[in-house]
Protein chains: 2
Amino acid sequence: MRLVIARCSVDYAGRLTAHLPAAPRLVLVKADGSVSIHADDRAYKPLNWMSPPCTLKEEPADGDGPAVWTVTNKAGEKLIITMEEILHDSTHELGVDPGLIKDGVEAHLQELLADRIETLGEGFTLIRREYPTAIGPVDILCRDAAGQTVAVEIKRRGEIDGVEQLTRYLELLNRDPRLAPVRGIFAAQEIKPQARVLATDRGIGCHILDYDALRGIEDDKLRLF
Amino acid sequence: MRLVIARCSVDYAGRLTAHLPAAPRLVLVKADGSVSIHADDRAYKPLNWMSPPCTLKEEPADGDGPAVWTVTNKAGEKLIITMEEILHDSTHELGVDPGLIKDGVEAHLQELLADRIETLGEGFTLIRREYPTAIGPVDILCRDAAGQTVAVEIKRRGEIDGVEQLTRYLELLNRDPRLAPVRGIFAAQEIKPQARVLATDRGIGCHILDYDALRGIEDDKLRLF
DNA sequence: CATTGCATTTCGCAA
DNA sequence: TTGCGAAGTGCAATG
């Protein structure tokens with residue numbers, strides 16, 4: 001990993017055209033050849049970047065002008081960095097990263113809810129997770145206490161497009177005489193007001209998922225605080 | 001901006017729980033207090049991060065153990081960085097960045113198409129851009145040669161949710177007797193097959209936007225290559 | 001201040 | 001390779 005602090009200007013021509021006037025910034029060159037340019041704010045997003053695979057060509061400064069770095073990728077996108085003044089330049093060997101261990105995403109919510117399907121209501125029974133349809137798998141298909149089929153769409157954050165998605169599934173599932181009539185439940189850790197309004201308007205139930213409650217007590221000792 | 005190369009392990013507890021085993025990485029502390037942790041690959045996304053506003057508390061190493069940095073935000077999310085070994089540590093004053101100048105995004109496509117509305121068909125006339133409705137503004141409202149109202153949804157990449165969006169607008173606009181009947185045109189630089197199928201099925205027209213053609217010849221000299 | 005919708009989204013998985 | 005949905009999405013504009 002190479003860290004360059006430099007006063008530089010940057011031009012990007014690719015999916016859009018963008019220009020960055022000369023100013024001091026961090027230019028980060030990684031082992032995979034990728035390049036990113038960071039200002040002194042915002043943790044996440046670089047000002048400019050080129051994702052790997054890409055190639056960096058360095059033209060050193062000469063009497064006529066400053067050093068110019070050109071980063072290109074296969075799609076013909078170009079990132080041109082004009083190095084007005086180098087303030088710092090160091091290289092560090094880091095090796096391959098062991099990678100992030102995650103927990104708590106939608107897939108896990110789906111597993112947890114499937115294991116505790118009765119949290120949707122007494123007498124609920126699981127038919128299956130990832131129930132396949134022509135337009136993609138339904139997160140959970142189950143039956144309520146009265147035996148009616150229920151399609152469940154799970155999101156971490158429930159927004160309007162999730163309701164649209166569930167609506168399409170319900171339309172399809174209701175054409176299957178073995179399942180129909182199928183009703184829908186939109187389950188999420190958080191449901192946006194507009195999504196709730198749309199769901200209710202379409203006769204779709206809303207259910208707030210409590211991740212910690214679903215996970216149960218046994219994980220408390222694993223939690224950080 | 002502070003650049004720290006260190007062998008470190010990281011724990012994140014917030015929207016999810018995540019752990020990063022000890023390995024050499026770049027820890028980037030920016031002037032706004034944000035922190036990001038980068039491996040030696042991928043230009044765009046850090047392994048872990050905390051977006052501003054957040055606060056960093058440094059506990060220095062002592063005889064018993066290594067330095068521990070704790071980054072917290074208002075929502076109670078925590079990022080705990082255990083510094084096993086510091087390999088590099090430098091700080092650089094960069095000042096405020098003048099910021100990126102962009103060109104070619106959806107807003108610009110909308111302006112260009114509004115200025116050249118006849119590219120949708122001979123005799124098309126603009127009613128207005130950002131035509132307001134109860135569920136948000138329609139990108140462009142216009143009339144075709146026959147005088148029928150046309151709602152245009154503009155995307156850079158046309159996908160299924162864009163068609164859904166336009167469908168909702170059309171449903172609403174068609175309730176207005178001064179406008180009805182309103183037909184729809186889905187305009188994008190690129191339209192995904194499934195989006196096209198859905199649009200066609202709903203009687204919505206598809207139109208590919210040619211950005212360079214819309215922009216015209218006068219900008220050729222401004223382009224990078 | 002919450003909400004909405006875009007993004008050079010990126011990223012990962014599956015067909 | 002392409003398509004599609006999720007993301008600790010981030011981020012800015014807007015009501």
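Side-chain N or O atoms of Asp40(B) include one that pairs as donor or acceptor with a backbone N or O of Met1(A) at under 3.5 Å. Tyr44(A) places no side-chain N or O within 3.5 Å of a backbone atom of Tyr44(B) that could act as its donor or acceptor partner.
Lys30(A) has no carboxylate O lying under 4.0 Å from a charged side-chain N of Asp32(A), or vice versa, which leaves the two without a salt bridge. Lys155(B) and Glu153(B) are joined by a salt bridge, as a carboxylate oxygen and a charged side-chain nitrogen come within less than 4.0 angstrom of each other. The pair Arg175(B)-Glu171(B) counts as a salt bridge, with a side-chain nitrogen and a carboxylate oxygen less than 4.0 angstrom apart.
How far CG of Leu56(B) is from OG1 of Thr70(B): 8.0 Å, rounded to the nearest 0.5 Å.
dG10(D) atom C1' lies 16 Å from atom CG of Asn48(A), rounded to whole Å. Per the geometry, CD belonging to Glu164(A) stands 14 Å off P belonging to dT4(C), to the nearest Å. Between Leu198(A) atom CG and dT3(C) atom P the separation is 16 Å, expressed in whole Å. Here the P atom of nucleotide dT4(C) and the CG atom of Asp161(B) are 15 Å apart, to the nearest Å. At whole-Å resolution of the value, CG in Leu109(B) and C1' in dA7(C) are 13 Å apart. Atom P of nucleotide dT8(C) and atom CG of Leu79(A) are separated by 13 Å, given to the nearest angstrom. Gln189(B) places its CD atom 10 Å from the P atom of dA7(C), with the value rounded to the nearest Å. For the pair Asp11(B) CG and dG8(D) P, the interatomic distance rounds to 16 Å; values are reported in whole Å.
On the P atoms, dG10(D) is 16 Å away from dG12(C), given to the nearest whole Å. Rounded to a whole angstrom, the distance from the P atom of dC11(C) to that of dC11(D) is 15 Å. With both ends at atom C1', the span from dC6(C) to dA7(D) equals 15 Å, rounded to whole Å.
Taking every side-chain heavy atom of Glu153(B) into account, dC6(C) is the closest of dG8(D), dA6(D), dC6(C).
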Readout for nucleotides 9-15 of chain C: B = base within 4.0 Å of protein heavy atom, S = sugar-phosphate only, - = neither; 5' to 3' it is SSS----

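Using a 4.0 Å heavy-atom criterion, one finds that Leu100(B) contacts the bases of the nucleic acid, with or without backbone contacts as well.
Under the 3.5 Å distance criterion, with hydrogens and angles disregarded, a donor-acceptor pair is assigned to the side chains of Thr55(B) and Thr72(B).
With a cut-off of 3.5 Å on both Watson-Crick or G-U wobble distances, the partner of dG10(D) is given as dC6(C).
Close to dC4(D), at under 4.0 Å from its OP1 or OP2, lies no side-chain N or O of Lys192(B).
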